[in-house]
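Worksheet: one structure, shown below.
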Amino acid sequence: MFRKFLEVLLGERNTVDVSGWNEQGRAVARFNSEEIGAFHEGRKEAPNLKEDSRTPEMAEAVLSEVIALNAQGRGSEARALFDPAHAPFIGQMEKSDRGLLFCAILGPDEFLVRQGTYYQDNTTWHIRGGEISKVAPLAAFAWSRNRQHFLAVMPDGRVTLGSGYSTLPQPPVATVTRATFVPLDLPEELQDAFEMPGDRLALTHVAVSDDGKRILLCDAERGVVLLYHNGRDWAEQLIFPSVLLGLVEDMRETLQEDEEYRSQQDMLHAALSPDGKLIAVGHQFGGHYLIDIEDTSAPKEHATLGYLSEYPHDACFSSDSRHVAFNSCHFYNGTTFCSEIDRVKGLQTPPWEQHSSQVILNSYLRVYASGFLPEALAPSATGGAFLLAGSGFTNCVAADGQVQWELEHGSSAGGLDVCPQTGRILLASYSGFLHLLDPSRQQDPPLSSGYKAPMEIRRWIFWDQLKHPISW
């Protein structure tokens, strides 16, 4: 009956039987969710997960139907017929290597996403209602945590700040160039040995403080810079590489064998506290650094905390700027801990040894994107909860380590945005999927594996082989 219904509705016949698509997927999601629940509730040491056995041929047939519905302007109907999935579409994902990175919720039914990494051709897409359109390219963008300021960086390095995306274009508050990432306080004998950074803009994270007076830019190939308003105009302060974080010692050691010094940027990451007083920063060859920037002209060390997995990889602050979460990774696994900022002031803890101030939030995810849910969107978590989006799963966990929920999204995360006004979470992935989540509603029945998993209310697919992105 279901197959005949589809033929009548879509006006064409499927050559592959997809009538069991939903039933098969839900059976796996239900089983895996029970396993993951048993793990998080302490009833199992590890979940034993089933693989999605739906075939690529089934996926191809379902995708054809979803594309057809979109072409007819009926993309919103696709979800009622076919449950979205990840694993059966891996073959399609491999045909498109431009994942999704930055994303933003602009309104109840309006969104922005960038397709392509910094080393690929980029496309910026604007979604409004049922329309998906290309717009002027942006290198990076982000809201302040209080949603009062919208930061956008142009491909040529111009940095703009306004009250929202609709206010673009704005006059730039600054323009970053390769000279921005050259330290000015090196001893004279080391200055000529510092290799000039390249011209390519390679932003992986940007942030603006809630007062709109401090901007953080993390460039994967050149460093981390703070832009700040000094009461008259905008100024800049290089955070990494810097003398504060051991540049002189590193240069002198390197120059014993080499004639020129190139800063180590591997796995470089950074975060700005919403109150604009602290920066969390790290890279593969260092620790988890907390930098006090209350005096923007003279940053100082607040704490250096030891990593609990192999390489520092991500950082995020709570919305009240009282807690920080640091992730370190080993291959696609990792460990995330949370510390109370006031408690760790002045601390320097060794790696691999958990200090009493380090509360374990997650012991298995390599985190690629992170965010924070206010208490209104995570009512069981006093003060709110961290969102840790890793390879395949997103974990929502309070600062005390209590897991709120977990959702399988399939691929490595590229970006996150949390909007308290709309009550929505937007998750961008390297799979080319853009997921819109409602954390106030739980999946019932489970359509994706997880633990108390939130409802996915919409998904968009951005694959280069598609004539146009589609809604599901």
Side-chain angles (χ1 to χ4, degrees), residues 96-106 110-128 132-144 149-182 195-208 212 214-228 234-240 263 265 268-272 368-369 413-417 426 428-430 432 434 460 462-464 468-469:
S96 177
D97 64 350
R98 292 198 307 150
L100 306 179
L101 192 56
F102 295 96
C103 64
I105 299 172
L106 305 179
E110 186 180 4
F111 313 92
L112 196 67
V113 65
R114 198 193 84 180
Q115 182 183 14
T117 63
Y118 62 84
Y119 52 83
Q120 297 173 315
D121 292 335
N122 300 154
T123 305
T124 303
W125 297 96
H126 180 226
I127 303 168
R128 190 198 298 266
I132 307 172
S133 55
K134 288 184 182 181
V135 292
L138 295 176
F141 49 88
W143 284 103
S144 58
H149 308 280
F150 188 79
L151 169 66
V153 185
M154 308 301 158
D156 61 3
R158 287 175 294 138
V159 181
T160 69
L161 198 59
S163 59
Y165 174 72
S166 62
T167 65
L168 295 178
Q170 290 272 352
V173 301
T175 299
V176 293
T177 67
R178 61 180 186 164
T180 303
F181 298 94
V182 176
E195 184 180 275
M196 191 71 172
D199 288 318
R200 180 164 68 179
L201 192 62
L203 297 175
T204 55
H205 180 79
V206 297
V208 54
R214 298 181 183 189
I215 293 170
L216 180 76
L217 305 178
C218 180
D219 187 298
E221 296 183 342
R222 301 188 293 186
V224 177
V225 66
L226 172 71
L227 307 177
Y228 62 94
W234 286 85
E236 60 189 42
Q237 176 69 53
L238 187 61
I239 301 299
F240 181 87
S263 175
Q265 309 286 346
L268 183 64
H269 56 278
L272 175 68
Y368 289 90
L416 269 176
D417 189 30
L426 194 62
S429 171
Y430 280 87
L434 181 65
W460 296 268
F462 297 85
W463 292 335
D464 288 330
H468 193 74

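Worth knowing before you read on, the calculation uses all heavy atoms, side chains too, and leaves out hydrogens, waters and symmetry mates.
Distance alone, capped at 3.5 Å, places no donor-acceptor pair between the Asp417 side chain and the Leu426 backbone. Panel note: side chain Asn122, backbone Gly116; a donor-acceptor pair is recorded below 3.5 Å.
Evaluation of the salt bridge (Lys or Arg N to Asp or Glu O under 4.0 Å) rule for Glu236 yields no partner, not counting sequence neighbours. Listed by chain and number, the residues in a side-chain hydrogen bond (donor to acceptor under 3.5 Å, both in side chains) with Trp463 amount to none (sequence neighbours excluded). In this structure Ser263 satisfies the side-chain hydrogen bond (donor to acceptor under 3.5 Å, both in side chains) test together with Gln265, sequence neighbours excluded. Listed by chain and residue number, Arg98 satisfy the side-chain hydrogen bond (donor to acceptor under 3.5 Å, both in side chains) test with Thr123 (two or more places apart in sequence, or in another chain). For Arg214, the salt bridge (Lys or Arg N to Asp or Glu O under 4.0 Å) test picks out no residue, with sequence neighbours left out. A search for side-chain contact (heavy atoms from CB on, under 4.5 Å) contacts involving Ala136 returns nothing, not counting sequence neighbours. Listed by chain and residue number, Gln120 satisfy the side-chain hydrogen bond (donor to acceptor under 3.5 Å, both in side chains) test with Thr117 (two or more places apart in sequence, or in another chain). Under the salt bridge (Lys or Arg N to Asp or Glu O under 4.0 Å) criterion, Asp97 pairs with no residue, sequence neighbours left out. Considering only residues two or more places apart in sequence or on other chains, Tyr368 meets the ring pair (Phe, Tyr, Trp, His ring centres under 6.0 Å) condition with His313.
When all heavy atoms of Leu227 and Trp234 are compared, the pair lying nearest together is O-CZ3, 3.7 Å.
Listed by first then second residue, pairs satisfying salt bridge (charged side-chain N to carboxylate O under 4.0 Å, His left out) with a partner in residues 162-176 number zero, not counting sequence neighbours. Residues in residues 196-208 take part in these salt bridge (charged side-chain N to carboxylate O under 4.0 Å, His left out) pairs, two or more places apart or across chains: Arg178-Asp199, Arg200-Glu221.
In this pair, Trp460 and Phe111 present their aromatic rings tilted. The plane angle is within the 30 to 60° band.
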Sequence neighbours left out, cut at 3.5 Å: what donor-acceptor pairs do the side chains of residues 161-168 make with other protein atoms?
from   : atom 1 : to     : atom 2 : distance (Å)
Thr167 : OG1    : Gly164 : O      : 2.6
Thr167 : OG1    : Gln170 : NE2    : 3.3

